[in-house]
Amino acid sequence: MKEVNVSVIIPVFNTREYLKRCIDSILNQTLKSIEIIVVDDASTQNIKEFLDAEYPNTDNLIYIRNETRQRPGGARNRGLEIAKGKYISFIDSDDWFKIESIHLFKY
């Protein structure tokens, strides 16, 4: 992906069962210049294995892991360190965007 308009940061702590709905809601947006940053906040579930199996060819999906729990704020800050988007959005891993929600960003 060349240009990123929106970086969506998802802090994850043991919410693997909700994560697919969350990520799919981002991938199904009409705006395609989105990067998705999944910050695994020292989950005991294997989030990386899940992402590799569900999204093997998703170039705009970035995974990073905190080895010690930083809580949601710390995980969001970790995502901010690598975000490339002109705009930043946060979503909890057990939430989702309605279709065409992200196109409301003015860029």
Side-chain angles (χ1 to χ4, degrees):
M1 180 185 299
K2 294 180 182 176
E3 180 181 20
V4 176
N5 286 318
V6 179
S7 295
V8 180
I9 299 170
I10 310 170
V12 178
F13 180 74
N14 292 341
T15 52
R16 180 176 161 165
E17 64 272 17
Y18 305 107
L19 192 54
K20 181 168 177 35
R21 183 174 187 183
C22 178
I23 292 173
D24 288 349
S25 78
I26 300 166
L27 291 173
N28 290 324
Q29 295 296 309
T30 54
L31 178 66
K32 297 302 178 195
S33 56
I34 300 172
E35 75 176 351
I36 303 166
I37 302 171
V38 174
V39 183
D40 180 350
D41 195 28
S43 292
T44 58
Q45 300 170 328
N46 194 334
I47 302 301
K48 174 88 167 105
E49 178 181 283
F50 167 78
L51 294 174
D52 289 345
E54 289 292 327
Y55 306 99
N57 299 314
T58 307
D59 295 334
N60 60 332
L61 181 64
I62 301 163
Y63 171 85
I64 55 177
R65 178 173 169 80
N66 291 335
E67 292 303 321
T68 59
R69 185 131 190 257
Q70 303 296 310
R71 311 208 36 94
R76 288 183 185 101
N77 286 338
R78 182 93 188 275
L80 284 171
E81 292 173 2
I82 65 165
K84 295 181 185 133
K86 293 179 188 177
Y87 301 95
I88 305 294
S89 178
F90 299 103
I91 188 169
D92 292 331
S93 55
D94 61 349
D95 288 333
W96 62 92
F97 287 122
K98 289 182 178 180
I99 299 299
E100 297 189 351
S101 293
I102 295 180
H103 83 282
L104 300 174
F105 287 93
K106 303 295 181 199
Y107 54 89

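No path of Ile, Leu, Val, Met, Phe, Trp and Tyr side chains, each step under 4.5 Å between heavy atoms, connects Ile47 with Tyr18, placing them in separate hydrophobic clusters. Side-chain heavy atoms closer than 4.5 Å link hydrophobic residues (I, L, V, M, F, W, Y) into clusters, and following such links, possibly through other members, connects Leu51 to Ile91.
Residues Phe97 and Ser25 approach most closely at N-OG, 2.9 Å, considering heavy atoms. Across Asp41 and Pro72, no two heavy atoms sit closer than the pair OD2-N, 4.4 Å. Minimum heavy-atom separation, Asp92 to Arg76: OD1-NH2, 2.8 Å. When all heavy atoms of Gly79 and Ile37 are compared, the pair lying nearest together is O-CD1, 3.8 Å. The minimum heavy-atom distance between Arg16 and Asn46, with the atom names listed, is NH1-O, 3.4 Å. The shortest heavy-atom contact between Asp95 and Cys22 is O-CB, 3.1 Å.
Of the inter-residue distances, the one linking Ile62 atom CD1 with Ile10 atom CD1 reads 11.0 Å to the nearest 0.5 angstrom. Here Glu81 contributes atom CD and Ile64 contributes atom CD1; the two are 7.5 Å apart, rounded to the nearest 0.5 Å. Between atom CD1 of residue Ile26 and atom CD1 of residue Ile34 there is a gap of 7.5 Å, rounded to the nearest 0.5 Å. To the nearest 0.5 angstrom, Leu27 atom CG is 7.5 Å from Lys32 atom NZ. A distance of 8.0 Å separates OG in Ser43 from CZ in Arg69, rounded to the nearest 0.5 Å.
Partners of Tyr63 by side chain to side chain donor-acceptor pair (under 3.5 Å), not counting sequence neighbours, listed by chain and number: Asp40.
Judged purely by atom type and a 3.5 angstrom limit, Asn14 uses its side chain to pair as donor or acceptor with the backbone of Thr44. Here the side chain of Arg78 pairs a donor or acceptor atom with the backbone of Arg65 at under 3.5 angstrom. Looking only at distances, a side-chain donor or acceptor of Gln70 sits under 3.5 Å from a matching main-chain atom of Thr68. When atom types are taken as modelled, the side chain of Gln29 and the backbone of Lys98 share a donor-acceptor pair closer than 3.5 angstrom. Glu35 places no side-chain N or O within donor-acceptor distance of the main-chain N or O of Val4, the cut-off being under 3.5 Å.
Here the side chains of Phe50 and Gln45 are not in contact, with every heavy-atom distance at 4.5 Å or above. Side-chain atoms of Thr58 and Ile36, non-hydrogen and from C-beta on, never get closer than 4.5 Å to each other. Taking the side chain as every heavy atom from C-beta outward, Val38 and Ile23 approach each other to under 4.5 Å.
Only one option out of Val8, Val6, Ile9 pairs with Ile88 in a side-chain contact (heavy atoms from CB on, under 4.5 Å); it is Ile9.
Within 6.0 Å of CZ on Arg71 lie no more than 12 heavy atoms contributed by other residues, nucleotides or ligands.
Side-chain atoms of Tyr55 and Asp24 form a donor-acceptor pair, as typed in the model, at a separation below 3.5 Å.
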